[in-house]
Asker: 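Submitted below is the structure of interest, expressed as structure tokens.
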Amino acid sequence: MTTPRYTPQDIEAKWQAAWSQAEIFKAQRDPQRPKYYVLEMFPYPSGNLHIGHVRNYAMGDVVARHKMATGYNVLHPMGWDAFGLPAENAAIEKKIHPGDWTYANIDNMKQQFATLGLSLDWSREFATCDPDYYGQQQALFLDFLDKGLVYRKNAVVNWDPVDMTVLANEQVENGRGWRSGALVERRELTQWFFKISEYSDELLAALDGLDNWPAKVKLMQANWIGKSRGLQFAFDVVDAPAGAEQIEVYTTRPDTLMGASFVGISPDHPIAKMLESDNAELAAFNAECRRMGTAEEELEKAEKRGFNTGLMARHPLDPDWQLPVYVANFILMDYGTGAIFGCPAHDPRDLEFARKYDLPVTSVFAPLDAADHTAPETGGEAYTPPKTESVTYLRPFAGGDQQTGEAAIDAAIAHFETAGLGQGVTKYRLRDWGLSRQRYWGCPIPVVHCDVCGVVPERKENLPIKLPQDVSFDKPGNPLDRHDEWRACSCPNCGGAALRETDTMDTFVDSSWYYARFTAPGASTPTNAEDAAYWMNVDQYIGGIEHAILHLLYSRFFARAMHATGHLPAAAVEPFDALFTQGMVTHAIYQTRDDNGRPIYHLPETVESRDGQMVLKDTGEAVEVIPSAKMSKSKKNVVDPVSIVAEYGADTARWFVLSDSPPERDVEWTASGAEAAFKHLSRVYNLSQKIAQMGDAAGSEDDALLREMHKTIRDVSLGVESFGFNAAIAKLYAFTNTLSKSKAGAAAQRQAIKCLAQLMAPMTPHLAEDIWALHGGDGLIAKAPWPIADEAMLVEDSITLPIQINGKRRGELEVPADLDKSGIEAMVLDHPAVQKALDGGSPKKLIVVPGRIVNVVV
RNA sequence: GCGGGUGUGAUGGAAUGGUAGACAUACAGGACUUAAAAUCCUGAGGCCUUCGGCCGUGUGGGUUCGAGUCCCACCACCCGCACCA
């Protein structure tokens, strides 16, 4: 009799068809059952599934399938984050319409998705570039506008003067446009903004309630929102020109005011701009500063530079003390008042600046024990102890001589308020969300510009405002700007001739509410109240840590704004109950070098191992191996899931990406690891076949096998519920080994293999279905109830207790599980290793941790 | 530069403050085979004077009966920095 071999290609197609026919993943509202909404961050349709996607969606699938098996009504939808720059780049480079390119990519990726056997409800699929979706987004925009959550103001963008286009930060390389190579300029445009800052305090405070979010994400968001308490006051300018009489500053360290040595203003500060008009040198300096991109990182890393305006500011606490006013490139107009006072002794940036321009450095405070302290005056670094640390104030003006920074700041603010010189204020680092993009492939902002009525919102009945199809990318700039036919419209207010807004929305807008749309993807309004009430919130959200701040913060804001405009219930203002951030899939880079020593990269399949050395298959040339690098096409270290699935099957790919590393950490893809995963699944398949052919004769040690089975149920359930997938899989390996060596009878072995299939089903659903069917399981394993560990089978009679002497392991002791502390102590003192160590004396201390360990201190 | 994280054998990693290295990969030895592949079995952190002992979780300190785990400082790498998604 020949035993069939494990052929995933047949098995997987068969069960995917069975699931699809039974429509078991189609979610329907059912108030009788508890719901569970699992969502993985939807992909950008780049055209091909990446192995990182496989990991992300495999994790979500484990959660979804496990919840389904434990009785929940599961919603597990999928869609496409389909607007964005790559489609326009493709249009420019390949002369293909962004829409055609995007939808072709979606078709391709959807086929690839289908091979993975994910428990997705495809009936809810949408792409954010579908007019139906972005039309509802336009409706949301109008409601936000009506509610005062949207406004216009000027903001700076990266401008490429050759391509005549706005550049994203990532399109600026070393201050030049990536395509044109032209020096980038900062340019001011009137742009649309969401008033996210109105929710600063609430978004910060509500982080406390997000118990199932990673602490690091909450911390990052809290720091991003950046609540600070500080002092706002004005410097009077000596003999000031009109309009520059006062410089308003904000500081979080008013206690260091007696160490001030200059006043700094941003190059974009109104006074800097005013002075520019009759100071060519300053104009040149400001222009130079404005040549930098808009990225904060770039500004921070740039060399600190300043321009002395010649103005002098009076110190608020000493009218005779005058400080020079500089324009400085490191001061952001967006934060605080766009002006600061510099205290070099207690701020590294100010110190760098002061040393460069030869400004005085004056310490305001020093450590309580100043013995080893090198003051910044004498070449030391800026002294910046935590605000909670008590220090000696050398130049105090409020509060005691010895106090914490916190106390001194409070005292300083009180001093200014009492004297009427300034006020304590709370500020946030979080800026309003600029949503305007001067691009074609995005959601059009539904407003018109009328010469008579000004900026007028579109009427909802005219939505969606669709993107025009007939556009070309052969000229620089935004195709919408030069599409006169599309722009021409009538004013919704007066009916006169008007022009459409040509800005489209940031793609973050699209992804800020898709989770809500999935609850009612066909609704004629953005959401449907009953569906939103039933399905929201997302119970488990899964995605990359790179979205820790922006996407998640914007989504939290959007949910609040949608509640304020009646599109979501109050209970859904925090849309994601639990968040999990998974790591990347990495891969070794294989490289050789050309004659100039520049690296040449090689695809993994062109490399092989010979005698422990990696070499090129073709030439035998030795290859350098750079382990574990982020996958990138240019480094040729990408692994294509399609070929992996074709070779080994989806179950192997899923098993491997889940098995090798903890899910929050990066996983390194290795060919040997993937092959090992396949071999293991084959072993399980063969084991199942062997058990199916067993006679009914009784064996021995049934009880031991079943005890092990129940322990495995407990451990795997715990692992799956706590995102310990790799640990759960290790237990499944161990149980497979136990089962394959077991001498138990056929009935026990059948029970064990069916249980193993069930525990594997969330990770390798196709193989699990096959084993289940072979052993006469009831219906589909996908619908079978999750096994529950029998507590009685988990109890042990005796346990092994390690014995430590002075904290080092010196022996062990077999004791009955229910032996009490004094019983254990007696046995420990009798143990030969302890006797030897005591050498007739008595122990100094005896620590017994029941069920854990014994430590004897001698 | 600023904010956040990670660091354990050759490799991926396991370990409620309690036996460091589970499980797996690669490797070595053996069985089966004419041979190989596949499969199965066995071994293995390093060092030493090997039925025993010392060292060992990025580096250096600290807390504790006991530290991979907690605290402080440093180093390396990764993520984010508001127009990549």
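Below, read A as the first sequence line, B as the second, and so on, with proteins coming before strands; counting in each chain starts at 1.
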Asker: So what does A:A295 hit on the nucleic acid, given a heavy-atom distance under 4.0 Å: a base, only sugar-phosphate, or nothing?
Answerer: sugar-phosphate

Asker: Between the base of B:rC81 and the side chain of A:E297, is there a donor and acceptor pair under 3.5 angstrom?
Answerer: yes

Asker: Which protein N or O atoms sit under 3.5 Å from an N or O of nucleotides 50-54 of chain B?
Answerer:
| residue | atom | partner | partner atom | Å |
| --- | --- | --- | --- | --- |
| B:rC54 | OP2 | A:R810 | NH2 | 3.4 |

Asker: Can the ring centroids of A:Y133 and A:Y514 be said to lie less than 6.0 angstrom from one another?
Answerer: no

Asker: Is the A:Y134-A:F83 ring centre distance short of 6.0 angstrom?
Answerer: yes

Asker: I want to know whether A:Y541 and A:W213 have ring centres closer than 6.0 Å.
Answerer: no

Asker: Please state the P separation for the pair B:rU8 and B:rU49 - nearest whole angstrom.
Answerer: 30 Å

Asker: Scan A:W433 against the nucleic acid and name what it touches under 4.0 Å (heavy atoms): base, sugar-phosphate only, or nothing.
Answerer: nothing

Asker: Atom CD1 of A:I805 to atom P of B:rU19: distance rounded to whole Å?
Answerer: 16 Å

Asker: Within a radius of less than 6.0 Å around CD of A:E381, do more than 12 heavy atoms belonging to other residues, nucleotides or ligands occur?
Answerer: no

Asker: So what does A:H547 hit on the nucleic acid, given a heavy-atom distance under 4.0 Å: a base, only sugar-phosphate, or nothing?
Answerer: base

Asker: NA contact type, A:L846, heavy-atom cut-off 4.0 Å: base, sugar-phosphate, or nothing?
Answerer: nothing

Asker: Check every strand shown and say whether A:K216 touches a base, only sugar-phosphate, or nothing at a heavy-atom separation below 4.0 Å.
Answerer: sugar-phosphate

Asker: NA contact type, A:P662, heavy-atom cut-off 4.0 Å: base, sugar-phosphate, or nothing?
Answerer: sugar-phosphate

Asker: Contact class for A:K304 vs. all strands (heavy atom < 4.0 Å): base, sugar-phosphate, or nothing?
Answerer: nothing

Asker: Distance check, P atoms only: B:rU42 and B:rU25, in whole angstrom units.
Answerer: 14 Å

Asker: May I ask you to evaluate whether A:N223 reaches the phosphate of B:rC2, defined as a side-chain N or O under 4.0 Å from OP1 or OP2?
Answerer: no

Asker: Assign A:G434 to base, sugar-phosphate, or nothing according to its heavy-atom contacts below 4.0 angstrom with the strands shown.
Answerer: sugar-phosphate

Asker: Mind calculating the distance between NZ (A:K301) and P (B:rG1) to the nearest angstrom?
Answerer: 8 Å

Asker: Verify side chain to side chain contact (heavy atoms under 4.5 Å, CB included) between A:N223 and A:M220, making sure each step is shown before the conclusion.
Answerer: CA-CA 5 Å; A:N223 289 338; A:M220 280 190 257; 5.9 Å; no

Asker: Taking atom P in both B:rC83 and B:rU16, what distance in whole Å separates the two?
Answerer: 42 Å

Asker: Round to the nearest Å and state the distance from A:F557 atom CZ to B:rA82 atom C1'.
Answerer: 14 Å

Asker: I'd like a table of atom pairs between the protein and nucleotides 23-28 of chain B - only N or O on both sides, under 3.5 Å - with the distance next to each one.
Answerer:
| residue | atom | partner | partner atom | Å |
| --- | --- | --- | --- | --- |
| B:rA24 | OP1 | A:N737 | ND2 | 2.9 |
| B:rU25 | O2' | A:S672 | OG | 2.9 |

Asker: Dot-bracket for RNA chain B, please. Rules: Watson-Crick or G-U, both distances under 3.5 Å, ( ) within the strand, [ ] when a pair crosses earlier ones, | for another strand, . otherwise.
Answerer: (((((((..(((.....[....))).(((((.......))))).((((...))))..(((((..]....))))))))))))....

Asker: Give a yes/no answer on whether the side chain of A:S661 brings an N or O atom under 4.0 Å of OP1 or OP2 in B:rG12.
Answerer: no

Asker: Can you check the A:N89 CG to B:rC83 C1' distance for me, whole Å?
Answerer: 13 Å

Asker: When the P atoms of B:rU6 and B:rA31 are compared, how many Å lie between them, rounded to an integer?
Answerer: 48 Å

Asker: Spell out yes or no: do the side chain of A:Q171 and the base of B:rC84 have one donor N/O and one acceptor N/O closer than 3.5 Å?
Answerer: no

Asker: Say we look at B:rA28 and B:rC79: how far apart would their P atoms be, to the nearest angstrom?
Answerer: 35 Å

Asker: Calculate the interatomic distance between A:Q438 atom CD and B:rC83 atom P; express it in whole Å.
Answerer: 11 Å

Asker: Figure out the CZ/C1' separation between A:R429 and B:rG4, and round it to whole Å.
Answerer: 12 Å

Asker: Are there any protein N/O atoms within less than 3.5 Å of an N/O atom in nucleotides 62-66 of chain B, and if so, which ones and at what distance?
Answerer:
| residue | atom | partner | partner atom | Å |
| --- | --- | --- | --- | --- |
| B:rC65 | O2' | A:N855 | ND2 | 3.3 |
| B:rC65 | O2 | A:N855 | ND2 | 2.5 |

Asker: What pairs of donor and acceptor atoms, side-chain ones from residues 734-742 of chain A against any protein atom, are under 3.5 angstrom apart with sequence neighbours left out?
Answerer:
| residue | atom | partner | partner atom | Å |
| --- | --- | --- | --- | --- |
| A:T736 | OG1 | A:L732 | O | 2.6 |
| A:T738 | OG1 | A:A734 | O | 3.0 |
| A:S740 | OG | A:T736 | O | 3.4 |
| A:S740 | OG | A:N737 | O | 3.1 |
| A:S742 | OG | A:A744 | N | 3.0 |

Asker: For a quick check of understanding: with a heavy-atom distance under 4.0 Å over all strands, which category does A:S511 fall into, base, sugar-phosphate or nothing?
Answerer: nothing

Asker: Can you tell me how far C1' of B:rG80 sits from CZ of A:R431, to the nearest Å?
Answerer: 14 Å

Asker: Name all pairs fulfilling the side chain to side chain donor-acceptor pair (under 3.5 Å) condition that reach into residues 83-93 of chain A, sequence neighbours left out, sorted by first residue then second.
Answerer: A:N89-A:R179, A:E93-A:R179

Asker: Across the strands shown, which category fits A:F508 at heavy-atom distances under 4.0 angstrom: base, sugar-phosphate, nothing?
Answerer: base

Asker: Using whole Å, what does the distance between atom P of nucleotide B:rG3 and atom NZ of A:K227 come to?
Answerer: 20 Å

Asker: Looking at side-chain heavy atoms only, is the closest gap between A:W655 and A:M760 below 4.5 Å?
Answerer: yes

Asker: Can you tell me whether the side chain of A:Q191 and the base of B:rC83 have a donor-acceptor pair closer than 3.5 Å?
Answerer: yes

Asker: Decide yes or no on side chain to side chain contact (heavy atoms under 4.5 Å, CB included) for A:L550 and A:W224, but give the supporting numbers first.
Answerer: CA-CA 9 Å; A:L550 292 180; A:W224 185 261; 3.8 Å; yes

